[in-house]
Structures are given as structure tokens and as C-alpha cells.
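A short worksheet on the structure shown next.
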Amino acid sequence: MNSLNKPNILIVDDRPENLLVLESLLYNMDCRIIKATSGNEALSLMLDYEFALVLLDVQMPEMDGFETAELMRNSQKTRYTPIIFVTAISKEQKCIFKGYEVGAVDYLFKPIEPVILQSKVRVFLDLYNQKKIIHEQALLLEKRVKELMELKQANYRLQNLSVCDGLTGIPNRRNF
């Protein structure tokens with residue numbers, strides 16, 4: 001699959017070393033990795049790309065991950081993009097609940113277990129690919145229904161032509 005057809009994954013973290021670690025863990029996955037170092041940069045990338053998944057750090061300067069996720073959920077384009085928080089923030093229930101309240105589908109704590117991250121990412125890539133296939137099938141079905149309706153109309157016109165006189169427009173003997 002060429003890189004333009006691969007699903008995009010957005011990794012958002014203010015620390016370049018964390019971006020490199022996440023990128024290296026996802027290197028062999030069939031996806032294109034796009035990186036952002038702030039919530040604002042992530043939101044601007046969301047306007048330019050469609051993402052299968054966002055891996056979002058909670059603790060960032062200016063706009064934290066919770067605010068970024070909340071803004072993503074308020075946008076029509078990114079409302080249903082899955083977000084997994086990847087964080088070193090405390091494992092307190094209130095922080096975890098806040099993440100789920102703003103729209104996260106999962107929470108991973110640093111240091112990240114590679115197998116768990118890859119497994120979760122693979123699930124979301126599969127879901128994204130299935131969604132694309134369903135969308136393509138729906139478009140194809142729409143096209144087929146339109147063709148069928150056109151054929152039905154053409155058959156109706158042909159049937160009318162066969163039972164009416166072409167010159168006078170009155171029913172011919174086939175009609176009787």
C-alpha cells in the first residue's frame with residue numbers, strides 16, 4: 001500500500017524523545033505517522049488530514065491534552081476520531097475519568113508496553129480500514145441503485161412506445 005493510501009496516526013507530545021519512542025514502536029505498522037508537539041499544532045493538522053487514531057499526551061504547555069481532546073470533540077470533522085491518552089500523569093481516578101469525559105477511548109501510562117500499544121493501534125487501524133470499505137461499498141450501492149432507477153425509467157418509456165402509435169399517440173393493436 002503506498003503511503004498516501006495508508007491510514008494516518010497523529011502522535012502529540014511536547015517532548016521530541018517521546019515522539020521518537022512512539023514513532024519507533026509504530027514503525028512496522030501499516031500506517032503513516034504524523035507528529036505534533038502541541039495541542040494547537042495537532043488541531044491545525046486535524047484540518048489538513050484524516051486520522052485513524054490520535055495518541056495524545058495529557059501534560060503539554062499552553063493547551064493540555066484534555067483541552068485538545070475537548071476541542072476535537074466539538075469539531076464536526078474530528079468528533080469521531082479515536083483518542084488514546086498516553087501519559088505519565090498520576091494514575092488517579094479523577095484524571096482517568098476526566099480523560100474519558102473529554103472523549104478518550106483509552107488511557108496508556110508511560111513507560112509504554114510496546115505489545116499493548118501495538119495491539120490497540122492495530123485494532124483502531126482495522127476499524128478505520130473497515131469503515132473505509134463500508135463507505136466505498138455504500139457509494140457503489142448508491143451508484144447501482146441510480147443505474148437501476150434509470151433502467152426502470154427507460155423500460156417504462158420503451159413499453160409505452162411499443163403499445164402506442166408513434167405518429168398519433170393512440171394505443172395500437174399490441175395494447176389491445
Side-chain angles (χ1 to χ4, degrees), residues 1-140:
M1 184 184 287
N2 90 36
S3 71
L4 293 176
N5 294 332
K6 290 181 178 183
N8 297 318
I9 292 181
L10 178 61
I11 302 173
V12 187
D13 200 308
D14 60 317
R15 299 182 67 186
E17 60 272 16
N18 290 343
L19 290 172
L20 284 172
V21 167
L22 286 169
E23 185 178 27
S24 69
L25 291 174
L26 301 175
Y27 178 75
N28 289 327
M29 311 275 315
D30 196 24
C31 63
R32 192 167 80 164
I33 305 294
I34 298 173
K35 299 178 278 190
T37 56
S38 70
N40 289 326
E41 185 182 354
L43 292 171
S44 69
L45 286 169
M46 298 296 278
L47 299 173
D48 297 332
Y49 297 94
E50 181 179 343
F51 291 102
L53 177 64
V54 176
L55 299 173
L56 182 59
D57 186 24
V58 172
Q59 294 176 303
M60 294 185 290
E62 296 174 29
M63 182 188 309
D64 68 16
F66 296 134
E67 292 173 272
T68 305
E70 200 165 352
L71 290 169
M72 284 174 56
R73 290 296 173 247
N74 290 331
S75 168
Q76 189 64 34
K77 183 179 181 196
T78 59
R79 176 171 289 148
Y80 301 110
T81 304
I83 301 168
I84 296 178
F85 279 120
V86 180
T87 186
I89 199 170
S90 71
K91 297 180 182 181
E92 287 181 26
Q93 294 289 349
K94 69 176 186 170
C95 292
I96 295 170
F97 288 147
K98 184 173 183 181
Y100 287 120
E101 283 175 11
V102 296
V105 295
D106 208 347
Y107 234 100
L108 293 176
F109 295 98
K110 297 174 185 173
I112 295 171
E113 183 60 45
V115 174
I116 292 173
L117 175 70
Q118 291 166 349
S119 169
K120 290 177 187 275
V121 167
R122 195 171 295 112
V123 166
F124 286 104
L125 288 176
D126 289 345
L127 285 171
Y128 180 82
N129 289 328
Q130 291 300 318
K131 182 177 134 188
K132 283 287 192 197
I133 290 169
I134 289 170
H135 180 71
E136 290 168 4
Q137 292 297 321
L139 291 176
L140 184 61

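Excluded from the calculations below are hydrogen atoms, water molecules and symmetry mates; all remaining heavy atoms, backbone and side chain alike, are included. All figures in this text were calculated on a predicted structure; none of them were measured in a lab.
You'll find the side chain of T81 stays beyond 4.5 Å of the side chain of L10, heavy atoms only. Taking 4.5 Å as the limit, every side-chain heavy atom of D57 sits out of range of all side-chain heavy atoms of V86. The side-chain heavy atoms of I83 and R73, taken from C-beta on, include a pair separated by under 4.5 Å. For the pair M60/L56, a side-chain contact is recorded, criterion being any heavy-atom separation below 4.5 Å from C-beta on. Between Y107 and V58, the closest side-chain pair of non-hydrogen atoms falls below 4.5 Å. Side chains of L20 and E17 form no contact here, defined as non-hydrogen atoms less than 4.5 Å apart. Between K131 and L127, every side-chain heavy-atom pair lies at or beyond the 4.5 Å cut-off. At least one side-chain heavy atom of L43 sits less than 4.5 Å from a side-chain heavy atom of M63.
One finds the CG atom of L53 at 4.5 Å from the CD1 atom of I84 (value rounded to the nearest 0.5 Å). Atom OG of S44 and atom CG of N40 lie 8.0 Å apart (nearest 0.5 Å). Atoms OG1 and CG, on T87 and N18 in that order, are 9.5 Å from each other to the nearest 0.5 Å. Going from atom CZ of F66 over to atom CD of Q59 covers 8.5 Å, rounded to the nearest 0.5 Å. Between L55 atom CG and L26 atom CG the span is 6.0 Å, to the nearest 0.5 Å. Distance CG/D64 to CD/E62: 11.5 Å, rounded to 0.5 Å.
The two atoms that bring I33 and C31 nearest to each other are CD1-SG, 3.7 Å, heavy atoms only. In terms of heavy atoms, P7 sits closest to N129 at CG-OD1, 3.7 Å. Minimum heavy-atom separation, K77 to Y49: NZ-O, 3.4 Å. Considering every non-hydrogen atom in both K6 and D30, the closest pair reads CE-OD1, 3.2 Å.
The local environment of OH in Y100 is crowded, with over 12 non-hydrogen atoms from other residues, nucleotides or ligands closer than 6.0 Å.
Taking the centre of each ring, Y128 and F51 stay at or above the 6.0 Å mark.
A donor-acceptor pair under 3.5 Å is formed between the side chain of S24 and the backbone N or O of V21.
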What donor-acceptor contacts under 3.5 angstrom involve side-chain atoms of residues 109-124, with partners at least two apart or in another chain?
unit_1	atom_1	unit_2	atom_2	d
K110	NZ	D13	OD2	2.9
Q118	NE2	L25	O	2.7
K120	NZ	D106	OD2	2.4

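Considering V12, N8, V54 in turn, N8 is the only one that fulfils the side-chain contact (heavy atoms from CB on, under 4.5 Å) rule with I34.
Evaluation of the ring-ring contact (aromatic ring centres under 6.0 Å, His included) test over residues 9-45, restricted to residues two or more places apart or in two chains, returns none.
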